[in-house]
Amino acid sequence: MPRTKSDPPAALHSFDDFTRLREVVLGRGDHYTEHDADPSWRLFYFENVAPHLAGGQRQLPIPQQIVDELNEDVAAFADALADCGVRVLRPSAPGKNVQVSSPWWSSGATPPLNIRDNAIILGETIVETAPHIRGRIFENDHLKPHFTRYFEQGANWLSMPRPALAARSLDTAYFETQGIDVTAAMADEAALPIDGLGLEMVFDGAQCIRLGRDVLVNVANHNHELAYRWLARNVPDLGLHRLPGIADNHIDSIVCVLRPGLMLLRSPHYLQFLPEAMRGWEAIYPPPSTVPEQDYDAFGFVIPTASRYIDINVLSIDENTVVVNSLYPELIELLEQRGFTVVPVRHRHRRLFGGGHHCFTLDTIRDGGPEDYLTA
């Protein structure tokens with residue numbers, strides 16, 4: 001039987017992204033009224049934002065109407081999840097328009113919207129990851145009441161070492177191997193360096209795909225390599241599968257496992273990066289979208305932090321039910337032809353806030369266990 005809102009919360013248990021979803025944390029976009037385009041932000045979103053930034057712009061205001069519409073869509077998402085029998089938790093409080101600082105830098109705080117990034121649930125263990133962006137350094141504080149409850153119920157709770165994110169902490173190697181010059185992104189770096197620190201551990205939860213005891217891990221630079229080693233030492237019971245630079249960071253708009261043996265994959269190009277056992281899986285390739293990009297000229301604001309493939313960022317309720325952006329009818333039709341029940345949920349400003357339905361959520365309870373999906 002599906003759980004209801006009145007049921008007592010169960011203990012943490014989430015090994016994959018496709019078995020029956022019982023409980024999820026859904027982010028909040030309140031007060032997401034600007035981007036602070038400090039060098040860490042510019043580098044993280046470089047491929048999407050570079051063509052739209054001129055000079056040394058730092059504060060990029062987001063019109064309130066767009067923020068209000070984002071929050072309307074997130075509220076409708078919460079209702080849709082509840083209608084599917086999923087218990088929906090929210091961050092303890094909305095973000096605030098505040099500056100966050102360290103001895104080395106200052107930046108604007110990011111609200112707890114894309115909560116998939118700063119934490120990953122590995123079975124019955126919470127792992128807080130080490131954010132790439134300075135303004136996100138305290139974002140998980142909004143989730144700690146939930147993490148504390150899971151811990152009190154018996155969950156393990158780990159945190160990667162908090163990165164200093166001082167000058168020269170971030171590795172640009174991925175872009176260099178792609179022939180991309182990121183000099184301009186770092187040109188106005190005003191943060192102080194820390195002598196002897198060098199490149200440090202930096203990593204997001206959305207660099208992982210969970211498959212029972214198997215976890216795919218995107219490693220695109222030395223920051224990620226350090227985090228991969230940390231994961232291997234701290235969660236030794238899991239089988240980590242290194243993906244060699246399938247993307248600069250997140251991979252949940254490239255590959256989405258719908259169920260064992262079937263995945264949503266951006267294009268055949270990405271097969272070469274996957275574990276050999278997955279290369280024989282059936283792949284659904286998303287069709288081109290005919291829905292035009294929203295016209296933002298009247299707002300004077302067009303900074304697409306997410307790629308045009310963000311609508312691949314779907315959330316599975318179970319192995320036959322998937323939440324998809326209602327503004328991507330071509331994917332909805334394709335999945336329905338394959339026998340899936342699609343839950344259409346509108347996400348109007350999907351490219352402006354860096355995430356889709358998978359990014360907005362952290363699934364904390366699913367039915368699946370530590371199966372071996374990639375071993376004979």
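At least one cation-pi condition fails for Arg266 and Tyr285: the charged atom is not both under 6.0 angstrom from the six-membered ring centre and inside a 45 degree cone around its axis. The cationic group of Arg259 does not satisfy the cation-pi geometry with Phe18, failing either the under 6.0 Å distance to the six-membered ring centre or the 45° limit from the ring axis.
In the model, His142 has no side-chain atom that pairs as donor or acceptor with a side-chain atom of Glu139 under 3.5 Å. For the 3.5 Å distance criterion, the side chains of Thr33 and Gln64 fail to qualify, holding no donor opposite an acceptor. For the residue pair Glu23 and Tyr150, a side-chain donor N or O sits within less than 3.5 Å of a side-chain acceptor on the partner.
Between Phe203 and His132, the ring center distance fails the sub-6.0 Å criterion. Ring to ring, His349 and Tyr296 are close: their centroids are under 6.0 angstrom apart.
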**OP:** Apply side chain to side chain donor-acceptor pair (under 3.5 Å) to Ser14 and Arg210, showing your working.
**Re:** CA-CA 9 Å; Ser14 186; Arg210 302 171 306 144; 2.9 Å; yes

Original post:
Checking salt bridge (charged side-chain N to carboxylate O under 4.0 Å, His left out) for the pair Arg242/Glu225: CA distance, chi angles, key distance, verdict?
Top reply: CA-CA 9 Å; Arg242 182 196 305 264; Glu225 170 64 28; 2.3 Å; yes

**OP:** List the steps and the verdict of ring-ring contact (aromatic ring centres under 6.0 Å, His included) for His358 and His250.
**Re:** CA-CA 11 Å; His358 191 257; His250 297 177; 10.0 Å; no

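Contact detail for Cys84 and Arg20: the closest heavy-atom pair is O-NH2, 2.8 Å.
Ion pairing between Arg116 and Asp252 fails under the 4.0 Å rule for side-chain N and carboxylate O. Between Arg22 and Asp367, at least one side-chain N (NZ, or NE/NH1/NH2) sits under 4.0 Å from a carboxylate O, which counts as a salt bridge.
In the hydrophobic clustering of ILVMFWY residues, with side-chain heavy atoms under 4.5 Å counting as a link, Val324 and Ile312 come out together.
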